[in-house]
Amino acid sequence: MSRVLANPAEMIAQGTPHVIHNDAELKAYTDALFQLTALKSPSRSELEAIELLTLLVERYEQEHYPIPAADPASVVRFLIEQQNLTQRDLIPQFGSESAVSMFLAGHRNLTIEQVRKLSARFKLPADVFISKRARGAKA
């Protein structure tokens with residue numbers, strides 16, 4: 001398999017890619033994907049290989065290495081820490097510093113407007129700021 005993956009542009013034409021079954025195949029496909037994405041001007045077949053490998057790698061990783069959903073307060077705490085913010089910096093999204101504190105302490109849920117503002121500020125999908133319980137209640 002490594003011989004075929006050494007030339008990722010040809011692998012599509014040869015029908016080589018298949019569903020990833022183990023970590024060794026994951027590594028080979030990931031290495032090929034890194035090689036392709038490093039190209040400055042990939043050809044059409046290389047772009048197709050990038051798309052296919054991405055789908056295969058994502059599928060395997062989602063099945064074997066799922067990332068657990070974080071609760072919205074943990075997400076906001078993480079973003080505050082990573083971006084060296086203070087609770088005061090989030091007043092425009094929450095309305096007041098006490099609203100930020102109450103949310104982070106678990107005493108308040110986010111409103112739709114707060115979710116929208118946080119999503120815009122951090123350039124993240126809105127569902128990152130919606131708790132799993134709230135999503136389940138709507139379903």
Under the salt bridge (Lys or Arg N to Asp or Glu O under 4.0 Å) test, residues paired with D71 that sit two or more places apart | none
Partner set under ring pair (Phe, Tyr, Trp, His ring centres under 6.0 Å) for H21, not counting sequence neighbours |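 Scan of H21 (ring pair (Phe, Tyr, Trp, His ring centres under 6.0 Å), adjacent residues dropped) gives H18.
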Do [X] and [Y] have side chains that get closer than 4.5 Å, going by heavy atoms?
{"X": "P92", "Y": "K117", "answer": "no"}
{"X": "L110", "Y": "F94", "answer": "yes"}
{"X": "V115", "Y": "I130", "answer": "yes"}

Can [Y] be reached from [X] by stepping across I, L, V, M, F, W or Y side chains whose heavy atoms are under 4.5 Å apart?
{"X": "L33", "Y": "Y65", "answer": "yes"}
{"X": "M102", "Y": "I80", "answer": "no"}
{"X": "L118", "Y": "I91", "answer": "no"}

For residues 49-59, which side-chain donor-acceptor pairs fall under 3.5 Å, sequence neighbours excluded?
from, atom 1, to, atom 2, distance (Å)
T54, OG1, I50, O, 2.7

How close do [X] and [Y] get, heavy atom to heavy atom, and via which atoms?
{"X": "R108", "Y": "A99", "result": "NH1-CB, 3.5 Å"}
{"X": "P66", "Y": "H64", "result": "CD-C, 3.4 Å"}
{"X": "P125", "Y": "S119", "result": "C-OG, 3.9 Å"}
{"X": "N109", "Y": "Q114", "result": "O-OE1, 4.0 Å"}
{"X": "S41", "Y": "E46", "result": "O-OE1, 4.3 Å"}

Gap between atom [atom2] of [Y] and atom [atom1] of [X] - 0.5 Å precision:
{"X": "D31", "Y": "L36", "atom1": "CG", "atom2": "CG", "value": "11.0 Å"}
{"X": "F129", "Y": "F122", "atom1": "CZ", "atom2": "CZ", "value": "6.0 Å"}
{"X": "E97", "Y": "R88", "atom1": "CD", "atom2": "CZ", "value": "4.5 Å"}

Side chain of [X], backbone of [Y]: donor and acceptor closer than 3.5 Å?
{"X": "R77", "Y": "L104", "result": "yes"}
{"X": "N22", "Y": "E25", "result": "yes"}
{"X": "D89", "Y": "T86", "result": "yes"}

Could K27 and D23 be called an ion pair, given the rule that one side-chain N must be under 4.0 Å from one carboxylate O?
->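 No.
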